[in-house]
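Not measured: the values here are computed from a predicted model. Order of the sequence lines fixes the chain letters, A, B, ..., with proteins taken first and strands second; residue numbering starts at 1 for each chain. Every heavy atom of this structure was used, including side-chain atoms; hydrogens, water molecules and symmetry mates were not.
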Protein chains: 2
Amino acid sequence: MLDAAPITNVMRTLADPTRRAVFERIVRTDEITVVELTRGSGVTQGAISQHLKSLKRAGLVAERPEGRNVYYRARPEGLEPLFDWMNHYGVFWRERFANLRNLLKEIDP
Amino acid sequence: MLDAAPITNVMRTLADPTRRAVFERIVRTDEITVVELTRGSGVTQGAISQHLKSLKRAGLVAERPEGRNVYYRARPEGLEPLFDWMNHYGVFWRERFANLRNLLKEIDP
DNA sequence: AGGATACATTAGTGAATGCTAATTCATTAG
DNA sequence: CTAATGAATTAGCATTCACTAATGTATCCT
């Protein structure tokens with residue numbers, strides 16, 4: 001069985017549309033500051049900082065402070081629990097599909 | 001840009017550990033009733049029914065009533081928004097992920 | 001130094017969430 | 001028919017969540 005905690009963290013973090021949009025924007029741009037992220041986000045700078053904190057806790061972003069700016073970048077490894085989870089349950093479907101295919105082969109030669 | 005609504009639905013639905021465990025159990029077993037799902041779930045039958053309602057709304061499961069039992073089975077296509085999202089933003093696992101996605105496409109009738 | 005800028009943090013608030021307990025509805029068994 | 005079983009639904013409750021407004025803490029600029 002997969003460890004549930006990291007998957008839950010990643011999923012819960014990305015489930016919120018605003019926070020996921022922040023993450024997506026960080027992924028698209030190589031590095032981006034908080035003010036830039038706030039611009040056009042529809043929420044306050046404080047809210048953005050809170051979302052960044054969540055993303056950081058989930059291992060989805062990393063920060064690089066430089067002067068009074070803080071540059072955020074995506075951490076690809078952070079998505080790994082999600083990938084593992086999907087890979088794990090995709091395998092189940094493959095097995096079932098293989099069985100179904102064999103079954104159909106037997107029935108209809 | 002991807003449509004955010006289905007991804008949000010799927011992610012929010014699978015983010016809860018209890019509900020995700022229910023889904024995982026449905027995936028592993030081919031078909032399963034509500035009493036069976038309730039057994040060893042740690043929550044009430046009512047709670048399970050509520051989780052099943054969420055899963056159904058998200059397109060992740062389908063039901064087959066038979067007598068006074070209702071059999072639930074997984075709907076692989078329900079995970080497609082999640083696959084699409086990861087395919088778009090999880091660029092780093094592109095190859096691994098593309099393979100998995102093609103696999104599911106074969107399964108999908 | 002003093003003001004402005006970038007970001008983080010806090011308290012407080014309304015809304016949503018997951019749960020239980022109890023009820024309801026439908027179906028099967030004795 | 002009556003009792004029991006499977007499942008859905010409801011009301012109520014405690015907790016969590018996302019947000020704002022305000023404040024705090026650096027850092028840069030003149």
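In this entry the distance linking CZ of B:R68 with C1' of D:dA4 reads 7 Å, nearest Å. In this structure, B:R19 places its CZ atom 16 Å from P of D:dT16, rounding to the nearest Å. Note: CZ (B:R64) to P (D:dA8) measures 14 Å, nearest angstrom. What separates CG of A:D16 from P of D:dT16 is a distance of 17 Å, to the nearest Å. Protein atom CG of B:L14 is 12 Å distant from nucleotide atom P of C:dG18, rounded to whole Å. In this structure, B:H51 atom NE2 and C:dA16 atom P are separated by 18 Å, rounded to whole Å. The distance between atom CZ of A:R39 and atom P of C:dT5, rounded to the nearest whole Å, is 15 Å. A:I26 places its CD1 atom 14 Å from the C1' atom of C:dC7, with the value rounded to the nearest Å.
Within a 6.0 Å radius of CZ in A:R39, other residues, nucleotides and ligands contribute 12 heavy atoms or fewer.
Contact check for A:L37 versus A:H51: no side-chain heavy atoms found under the 4.5 Å cut-off.
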ask   = Under the side-chain contact (heavy atoms from CB on, under 4.5 Å) criterion, do B:S49 and B:V34 qualify, and how do the steps go?
value = CA-CA 7 Å; B:S49 269; B:V34 179; 4.2 Å; yes
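Checking D:dA18, D:dA8, C:dC19 against every side-chain atom of B:L52, the shortest atom distance belongs to D:dA8. For B:V35, the listed nucleotide lying nearest its side chain is D:dG6; candidates were D:dA8, D:dC19, D:dG6. Side-chain atoms of A:S49 lie closest to C:dA8 of the nucleotides D:dA7, C:dA8, D:dT20. If you check C:dA8, C:dA6, D:dA7 against the side chain of A:N69, the one that comes closest is C:dA6. For A:V43, whose side chain is taken as the heavy atoms from C-beta onward, the closest listed nucleotide among D:dA18, D:dT9, D:dT20 is D:dT20.
When heavy atoms are screened at a 4.0 angstrom cut-off, B:Y72 is found touching the sugar-phosphate backbone but no base atom. Looking at heavy-atom distances under 4.0 Å, B:G67 makes contact with sugar-phosphate atoms alone, never a base.
Summarising the geometry of A:Y72 relative to A:I26, their closest heavy-atom pair is O-CG2, 3.9 Å, with the distance given to 0.1 Å.
With hydrogens and angles left out, the side chain of A:Q45 and the base of C:dA6 share no donor-acceptor pair within 3.5 Å.
A close approach under 4.0 Å does not occur between any side-chain nitrogen or oxygen of B:T44 and OP1 or OP2 of C:dC19. OP1 or OP2 of D:dC19 lies within a sub-4.0 Å distance of a side-chain N or O belonging to A:T18.
Each of A:Q50 and B:E63 was assigned the nucleotide of DNA chain D with the nearest heavy atom; the assignment lying further toward the 5' end belongs to B:E63.
At distances below 3.5 Å, not a single donor-acceptor pair connects side-chain atoms of A:T44 with backbone N or O atoms of A:G46.
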